[in-house]
Amino acid sequence: MEAVLRLAEDDMDLGAEVCARIEGLTYSYPNTSRPALRGIDLTVARGEILGLMGPTGAGKSSLCLTFNGLVPQLHGGRMSGRVTVAGLDAVTRPTAELAVRAGMVLEDPESQITSTTLEAEVAFALENACVAPAEIRRRVDAALAAVDLGGLQKKHPANLSGGQKQRLAIAAALALEPDLMVLDEPTSQLDPQAAAEVYAILARENRERGLTVVIASHAAEEMAETCHRIVVLDEGGIALQGPPAQVLSRVAELEALAVRPPDIARSLSRLAPRRSAPTPASRFPNRRRAPCPKARPR
Ligand SMILES: Nc1ncnc2c1ncn2[C@@H]1O[C@H](COP(=O)(O)OP(=O)(O)OP(=O)(O)O)[C@@H](O)[C@H]1O
Ligand SMILES: [Mg+2]
């Protein structure tokens, strides 16, 4: 879609503290001619839940990977523009340093789990970051409790359900106490109940601890309820952005972009325009109205 429809003039609250900033970002993977991301300007406020939506290939995953520097540092390719996370230049700072600032959760929980107990899994990145042992114990217990896996420290991750595995991956990211949590389609492999639990945890961590979240997803209903702002990407650029109620009610534009709007928005948009509801008098034109008592002649 050529025209960029900007629903909110300011893409963040003017008084808000900046968590991450992307300026004039254009990026192409190696050996490709079309940019995966083009002309992105985006600011993520501290304490915000920012939702990324868009059709397949729109650039959601690529954008997610810029926050921890894996695009372009791991993937290579050509990039122009700037990305900063918690004041760090995500294009040049070591990815190990960025991984602590921008915790990442991917679509497939299996691919992220390497340890034989839940506590070892959550402790792994903390040990790599040279956090003191007592602090590691405190953070592991707090992170597992935050994702409703408290008391399962010694359990083997293989014995968890898919939803529990994804919550474990979230705990491992939370334990780093990151400035920003980036989740790329974290619920696409989960059943609706497990997906709802993931969104509830993110909303609670945001509400109670001010966690800043960037989440890419196709789950329109959950995104509408959880996010403060939605950015819709198309062909690597920002096509729509604004509060969920505004963006997700633009059913025709979303459908033109192959983005599924929430079912309720689609139903409402399909209601035929109607005249105002008929009054009792117009419904029963032959019924004589009793005169108003005040108007009755004495
Ligand atoms: N490693 C890669 N090498 C080359 N091109 C890539 C690579 N990863 C993604 N792309 C291309 O970059 C563009 C953006 O892809 P990206 O995966 O970021 O989209 P997406 O919005 O996450 O899509 P999906 O909804 O399918 O996950 C697409 O054209 C895709 O083919
Ligand atoms: Mg993707």
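This is a predicted model, so every value here is computed, not measured. Each ligand, and each atom within it, is numbered from 1 in the order the structure gives.
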**Student:** Protein N, O or S atoms less than 2.8 Å from the Mg ion (ligand 2), ignoring waters?
**Tutor:**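 N, O, S partners closer than 2.8 Å: Ser61 OG.
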**Student:** Yes or no on salt bridge (charged side-chain N to carboxylate O under 4.0 Å, His left out) for Asp179 and Arg46, after CA distance, side-chain angles and deciding distance?
**Tutor:** CA-CA 8 Å; Asp179 292 85; Arg46 252 183 219 288; 3.1 Å; yes
**Student:** So if I count the atoms of ligand 1 from 1 in the order they appear, which ones are less than 4.0 Å from some heavy atom of Glu185?
**Tutor:**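 In order of number, 25 (O), 27 (O).
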**Student:** Does any N or O of ligand 1 fall below 3.5 Å from an N or O anywhere on Gly54, backbone included?
**Tutor:**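 In fact, backbone or side chain, Gly54 has no N or O that close.
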**Student:** Would you call Asp41 and Arg82 a salt bridge, using N to O less than 4.0 angstrom?
**Tutor:**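 A salt bridge is absent here (no side-chain N lies under 4.0 Å from a carboxylate O).
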**Student:** Verify the neighbour count for atom CG of Asn31: are there more than 12 heavy atoms of other residues, nucleotides or ligands below 6.0 Å?
**Tutor:**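 No - once you tally the heavy atoms of other residues, nucleotides and ligands closer than 6.0 Å, there are 12 at most.
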**Student:** So which protein heavy atom does atom 4 (C) of ligand 1 come closest to, and at what separation?
**Tutor:**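 Looking only at protein heavy atoms, the one closest to atom 4 (C) of ligand 1 is Tyr29 CB, 3.3 Å.
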**Student:** Using a 4.0 Å cutoff against the non-hydrogen atoms of Ser62, which atoms of ligand 1 qualify?
**Tutor:**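 Those qualifying, in numeric order: 14 (C), 15 (O), 16 (P), 18 (O).
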**Student:** Using a plain distance cutoff, I'd like to know if Gly57 has any nitrogen or oxygen under 3.5 Å from a nitrogen or oxygen of ligand 1.
**Tutor:**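 Gly57 vs ligand 1: N/O contact under 3.5 Å present.
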**Student:** Look at atom 26 (O) of ligand 1 and say which protein heavy atom is nearest, naming residue and atom and giving the distance to 0.1 Å.
**Tutor:**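 The protein heavy atom lying closest is Thr56 CG2, 3.1 Å.
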**Student:** Should the pair Glu255-Arg266 be classified as a salt bridge under the 4.0 Å nitrogen-to-oxygen rule?
**Tutor:**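 So Glu255 pairs with Arg266 through a salt bridge.
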**Student:** Taking atom types as modelled, find out whether Glu107 and Ser188 have a side-chain donor-acceptor pair closer than 3.5 angstrom.
**Tutor:**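 The answer is yes; a qualifying pair exists.
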**Student:** What is the closest protein heavy atom to atom 25 (O) of ligand 1, and at what distance does it sit?
**Tutor:**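 In this structure, atom 25 (O) of ligand 1 has Lys60 NZ, 2.7 Å as its nearest protein heavy atom.
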**Student:** I'd like to check which ligand 1 atoms, numbered from 1 as shown, lie under 4.0 Å from a non-hydrogen atom of Pro55.
**Tutor:**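 Per the distance check, 21 (O).
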**Student:** Of the non-hydrogen atoms in Pro262 and Glu221, which two are nearest, and what is the gap between them?
**Tutor:**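 Heavy atoms of Pro262 and Glu221 come nearest at CA-OE2, 3.3 Å.
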**Student:** Applying ring pair (Phe, Tyr, Trp, His ring centres under 6.0 Å), which residue pairs with at least one partner in residues 66-91 are found, sequence neighbours left out?
**Tutor:**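 Non-adjacent pairs meeting ring pair (Phe, Tyr, Trp, His ring centres under 6.0 Å): Tyr29-His75.
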**Student:** With salt bridge (charged side-chain N to carboxylate O under 4.0 Å, His left out) as the criterion, how do Arg139 and Glu127 come out once you've worked through the C-alpha distance, each side chain's angles and the decisive distance to 0.1 Å?
**Tutor:** CA-CA 11 Å; Arg139 290 208 210 170; Glu127 286 160 358; over 6 Å; no
**Student:** If you measure only the distance, is there a donor-acceptor pair under 3.5 Å linking the side chains of Thr84 and Asp89?
**Tutor:**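 Distance-only check fails for Thr84 and Asp89.
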**Student:** Within the 4.0 Å heavy-atom shell around Ser61, which atoms of ligand 1 are there?
**Tutor:**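 Answer for ligand 1: 17 (O), 18 (O), 20 (P), 22 (O), 27 (O).
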**Student:** Ignoring hydrogens, just give me the one of Gly59, Gly76, Cys64, Ser217 whose non-hydrogen atom is nearest atom 19 (O) of ligand 1.
**Tutor:**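 Of the listed residues, Gly59 has the closest heavy atom.
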**Student:** At a 4.0 Å threshold, what atoms of ligand 1 neighbour a non-hydrogen atom of His218?
**Tutor:**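 Counting atoms of ligand 1 from 1, those under 4.0 Å from His218 are 25 (O).
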**Student:** Of the non-hydrogen atoms in Pro157 and Ile113, which two are nearest, and what is the gap between them?
**Tutor:**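 Answer, listing the atom of Pro157 first, then Ile113: CB-CG2, 3.6 Å.
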**Student:** For the hydrophobic clusters of this structure (ILVMFWY residues joined by side-chain heavy atoms under 4.5 Å, transitively), does one cluster hold both Ile170 and Leu211?
**Tutor:**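 Shared cluster, yes.
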**Student:** State whether any protein heavy atom lies less than 4.0 Å from atom 30 (C) of ligand 1.
**Tutor:**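 Within 4.0 Å of atom 30 (C) of ligand 1, no protein heavy atoms are found.
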**Student:** For side chain to side chain donor-acceptor pair (under 3.5 Å), just list the numbers for Ser80 and Tyr27, CA-CA rounded to whole Å, side-chain angles, deciding distance to a tenth of an Å, and then say yes or no.
**Tutor:** CA-CA 7 Å; Ser80 57; Tyr27 170 73; over 6 Å; no
**Student:** Would Ala58 count as being in polar contact with ligand 1, using the rule that some N or O on each side must be under 3.5 angstrom apart?
**Tutor:**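 Checking ligand 1 against Ala58, an N or O pair does fall under 3.5 Å apart.
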